[in-house]
Amino acid sequence: MSQKKGTISVNTKDILPIIKKWLYSEHDIFLRELISNSCDAITKRIVLGRTKNVEVPEAEIEVEIDRMEKKIIVHDNGIGMTEEEIEKYIAKLAFSGAEEFVTKMKELGADSKNDIIGKFGLGFYSVFMVADKVEVDSLSVDEGAKAVKWICEGDVDYSFEESKRTTAGTSITLHINSEAAEFLDGYKSRSTIKKYCNFMPFPIYIKDHEEERMARKEKDKDKEKDKKDEASSDEEIVRQALNKVDPLWKKDPTTLKDDDYLSFYRDEFPMDPDPLFWIHLKIDHPFELIGILYFPKLNPNKPTNEQNIKLFAKQVFVSDNVKNIIPDFLSLLKGFIDSPDIPLNVSRSSLQGDPNIKKISNYIVKKVADSLKKLCKNERERYEKIWEDIGLFVKYGCISDEKFDETMREFVFFKNYSNKLMTLEEYEKSIPETYKDKLKEKIIYAEKGKGDVFLRKQLLDEGIESVETDTLIDPHFMQHTEFKKLNGKLYKFAAVNSEVENLLAQENSTDTHMKIKDLFKSILAKVTNTDQTTTDKENDGKDSAMEVEIKAYKNSDAPAYFKSDEYMRRLQYMTRTMGSFGHSDMPVKKTLVINPSNTLVQNALKLWEKDQEANKELVSQICHHIEDLAHISSEGLQNNEEKDAFVTRSQKLLQNLTNYIV
């Protein structure tokens with residue numbers, strides 16, 4: 001054929017610079033686009049061969065790298081193109097041949113749902129981000145077709161030349177520019193192909209001239225080889241495909257075993273421990289979506305990565321930024337989502353706004369919730385075993401997603417004082433009949449590491465459990481639960497130290513009780529007038545807002561505990577998380593509740609009434625020690641100053657007590 005020249009059909013000569021500078025966010029995408037087009041061409045040939053009952057050679061894509069010549073060549077044995085098709089699908093920018101091809105296949109009776117991955121058009125022009133000159137050498141499978149070569153040097157002008165190609169398929173040669181020289185390195189191209197094309201449906205091989213030269217050089221250095229070895233050195237090395245053509249998410253879940261899912265996870269996340277469990281996604285209507293989501297075992301010492309879920313469009317990697325598809329509370333999951341119905345921008349690098357996105361997001365949320373619900377109902381023991389790892393995410397999901405909350409809130413667990421996990425409904429059912437009226441739709445809780453152990457044990461002696469809460473997600477979940485009903489019930493949370501009085505306090509107050517109150521107030525109350533100063537070192541580390549109450553409790557052995565207002569405690573947490581009040585917490589008024597039935601308390605009063613002057617120091621030390629015990633039993637000693645003050649007071653108390661014995 002004679003040479004032919006033409007002009008790319010675009011509206012402006014500025015279109016190619018725009019592609020280079022703006023259309024694609026990452027230059028390495030050019031390999032994804034070329035290989036996607038190769039997969040598309042091979043698929044077309046397979047479908048056409050099946051329709052016409054023609055034998056098709058084994059599919060193959062090869063990426064050839066020649067560093068010395070500064071070339072990258074992508075070969076495929078797909079359907080190929082005629083001169084007219086090249087001009088139509090490549091020279092006419094942004095025109096896609098895929099739709100026309102599907103229409104043609106419908107006319108021939110083929111299934112329109114065959115995997116047509118890429119579309120010739122804008123994707124092809126990503127090559128000009130890295131190449132100064134591009135050659136397309138192609139031979140169509142059409143009978144009587146002639147091979148043709150198309151050449152373009154990065155502007156709107158192109159030319160056709162004769163080609164010597166003899167086999168159907170296409171080779172695209174990129175003359176790499178100086179800015180993209182890194183892609184001439186075999187490692188860089190391999191890693192790019194692994195990133196974007198690791199799960200494409202046809203095998204991808206790489207031929208690196210530089211590596212082959214180095215390999216031959218190493219062989220030449222070996223002077224000891226015998227003739228047999230020399231003969232074998234010329235044998236072709238067995239190639240190994242870079243990609244996995246049949247990803248696990250494409251397979252029928254009913255044919256897969258746990259080992260299949262675990263093996264796939266270990267391959268993709270080799271540094272992670274085995275996942276807790278997984279969900280296989282598969283839907284055909286009203287949109288297509290397949291995938292696998294894994295629930296990883298979280299490492300609190302390792303920062304979380306929000307890019308753990310990879311998005312694919314028909315096995316072509318698109319992005320690991322799936323915020324528009326995966327809600328925040330699911331971002332801790334790891335896995336793969338593959339859908340042709342997720343709308344992408346023209347460069348396939350980011351998501352567009354579309355109603356389908358919300359539908360897909362809702363489906364994923366529903367699938368996760370239904371799978372967790374099924375696991376809890378059918379495998380309660382396994383669900384409980386992984387609750388520590390998934391509890392945060394489940395509660396966060398209930399707070400942030402209404403549909404997830406409707407399904408999952410009744411399967412939210414809390415650990416009780418007996419170290420067993422229970423739901424809110426199970427807690428309500430566990431309340432003894434004698435306390436059901438007082439605790440109607442009420443959950444008694446204690447903050448982890450801060451709840452008064454004596455009080456929790458005292459409640460348990462009455463058959464009343466208390467649940468343990470954390471300070472990270474539970475305050476938000478509790479508030480959410482208190483404003484939204486579950487199965488027609490509106491649960492309220494109440495701290496142990498604010499509710500125990502309602503449950504176990506005895507109202508009979510005596511003169512002795514008033515004397516005990518006066519004693520503790522006189523010793524523990526601080527001077528708060530700004531014109532005065534506290535000289536008693538025994539008060540180090542104590543709360544100036546503290547008040548004293550006397551309450552007799554049923555079957556109580558504890559000498560005292562601290563009571564604080566539930567509303568103020570919640571308000572303190574909110575101001576803490578919102579950063580209010582600078583770097584300090586909002587103060588919460590505490591009340592020291594003294595148990596007049598406790599022997600230590602009674603003995604302090606007896607010593608005081610026996611001889612106030614002689615026993616003043618000892619009684620004061622006993623009162624402070626009772627206060628210390630209340631601190632330790634609830635929140636513990638918070639800092640070194642409090643610990644030092646406690647040790648000092650304890651030593652003095654023990655010295656005084658031993659003086660009575662010696």
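Excluded from the calculations below are hydrogen atoms, water molecules and symmetry mates; all remaining heavy atoms, backbone and side chain alike, are included. Quantities reported herein were computed from a predicted structural model and do not represent experimental measurements.
For His209 against Glu64, the heavy-atom pair with the smallest separation is NE2-OE2, 2.6 Å. Of all heavy-atom pairs spanning Ala369 and Phe404, the tightest one is CB-CD1, 3.6 Å. Residue Asp338 comes nearest to Lys314 through the heavy atom pair OD1-N, 2.7 Å, listed as atom of the first residue, atom of the second, then distance. Nearest heavy-atom pair, His280 versus Leu248, reported as atom, atom and distance to 0.1 Å: CE1-O, 3.7 Å. The two residues Pro247 and Gln315 come nearest to each other via the heavy atoms CD-NE2, 3.5 Å. Cys197 and Leu31 make their closest contact through SG-O, 4.5 Å (heavy atoms, listed as atom of the first residue, atom of the second, distance).
With sequence neighbours left out, the salt bridge (Lys or Arg N to Asp or Glu O under 4.0 Å) criterion links Asp389 to Lys297. Partners of Asp328 according to the salt bridge (Lys or Arg N to Asp or Glu O under 4.0 Å) rule, which considers only residues two or more places apart in sequence or in another chain, do not exist here. Remark: Glu212 pairs with Lys207 by the side chain to side chain donor-acceptor pair (under 3.5 Å) rule, at least two apart or across chains. Taking Phe183 as the reference, Phe30 meet the ring-ring contact (aromatic ring centres under 6.0 Å, His included) condition, with sequence neighbours excluded. Partners of Glu388 according to the side-chain contact (heavy atoms from CB on, under 4.5 Å) rule, which considers only residues two or more places apart in sequence or in another chain, do not exist here. For Asn243, there are no side chain to side chain donor-acceptor pair (under 3.5 Å) partners, not counting sequence neighbours. For Phe277, the ring-ring contact (aromatic ring centres under 6.0 Å, His included) partners are Phe295, not counting sequence neighbours. Residues meeting the side chain to side chain donor-acceptor pair (under 3.5 Å) test with Glu210, sequence neighbours left out: Arg213. Legend: residues meeting side-chain contact (heavy atoms from CB on, under 4.5 Å) with Thr167, ordered by chain and number and at least two apart, are Arg165. Taking Lys244 as the reference, Glu268 meet the salt bridge (Lys or Arg N to Asp or Glu O under 4.0 Å) condition, with sequence neighbours excluded. Remark: Lys251 engages no residue in a side chain to side chain donor-acceptor pair (under 3.5 Å) (not counting sequence neighbours). Residues satisfying the side-chain contact (heavy atoms from CB on, under 4.5 Å) test with Val141, not counting sequence neighbours, are Arg45, Leu48, Ile79, Ala168.
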Criterion side-chain contact (heavy atoms from CB on, under 4.5 Å) on Val394 and Leu372, from CA distance to verdict: CA-CA 9 Å; Val394 172; Leu372 287 168; 4.1 Å; yes
Residue pair Lys310, Lys195: steps toward the side-chain contact (heavy atoms from CB on, under 4.5 Å) verdict: CA-CA 10 Å; Lys310 297 180 180 180; Lys195 176 182 178 181; over 6 Å; no
Intermediate values then yes/no, side-chain contact (heavy atoms from CB on, under 4.5 Å), Ile35 and Phe202: CA-CA 10 Å; Ile35 294 174; Phe202 304 112; over 6 Å; no
Asp370 vs Lys374, salt bridge (charged side-chain N to carboxylate O under 4.0 Å, His left out): CA-CA, chis, key distance, verdict: CA-CA 6 Å; Asp370 289 345; Lys374 181 179 178 181; over 6 Å; no
Derivation of the side-chain contact (heavy atoms from CB on, under 4.5 Å) call for Thr166 and Leu139: CA-CA 7 Å; Thr166 57; Leu139 175 60; 5.6 Å; no
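You'll find the side chain of Arg266 reaches within 4.5 Å of the side chain of Asp274, heavy atoms only. Counting heavy atoms from C-beta on, the side chains of Leu333 and Asn308 never come closer than 4.5 Å. Under the 4.5 Å side-chain criterion, counting only non-hydrogen atoms from C-beta, Ile72 is not in contact with Leu34. Trp150 has its side chain out of reach of Ser138: every pair of non-hydrogen atoms, C-beta onward, lies at least 4.5 Å apart. Looking at Ile364 and Leu293, their side chains come closer than 4.5 Å, going by heavy atoms from C-beta outward. Using a 4.5 Å cut-off on side-chain heavy atoms (C-beta onward), Leu281 and Tyr363 make contact. Side-chain contact between Ile86 and Tyr158: absent, with no pair of heavy atoms (C-beta onward) separated by less than 4.5 Å. Side-chain contact between Thr82 and Val148: absent, with no pair of heavy atoms (C-beta onward) separated by less than 4.5 Å.
Atom NZ of Lys403 is surrounded by 12 or fewer heavy atoms from other residues, nucleotides or ligands within 6.0 Å. Residue Glu58 qualifies as open at atom CD: its count of foreign heavy atoms under 6.0 Å is 12 or below.
For the side-chain hydrogen bond (donor to acceptor under 3.5 Å, both in side chains) with His175, the lone residue among Lys70, Lys71, Lys133, Glu135 that qualifies is Glu135.
Rounded to the nearest 0.5 angstrom, Tyr383 OH and Ile386 CD1 are separated by 7.5 Å. Between the OG atom of Ser159 and the CD1 atom of Ile151 there is a distance of 4.5 Å, given to the nearest 0.5 Å. Of the inter-residue distances, the one linking Leu174 atom CG with Asp66 atom CG reads 12.5 Å to the nearest 0.5 angstrom. Rounding to the nearest 0.5 Å gives a distance of 9.5 Å between NZ of Lys366 and OG of Ser371. Here the CD1-NZ distance, from Ile283 to Lys367, works out to 9.0 Å after rounding to the nearest 0.5 Å. Note: Thr192 OG1 to Asp28 CG = 4.5 Å, rounded to the nearest 0.5 Å.
Using the six-membered ring where Trp is involved, Phe317 and Tyr196 have ring planes that are tilted, between 30° and 60° apart. Ring geometry for Tyr265 against Phe269 counts as tilted: the plane angle lies between 30° and 60°, on a 0 to 90° scale.
A salt bridge links Arg67 and Asp185; the closest N-O separation between the charged side-chain nitrogens and carboxylate oxygens is under 4.0 Å.
Looking only at distances, no side-chain donor or acceptor of Asp267 sits under 3.5 Å from a matching main-chain atom of Phe264. The main-chain N or O of Tyr261 is found under 3.5 Å from a side-chain atom of Tyr294 such that the two form a donor-acceptor pair. Ser361 places a side-chain N or O within donor-acceptor distance of the main-chain N or O of Ile325, the cut-off being under 3.5 Å.
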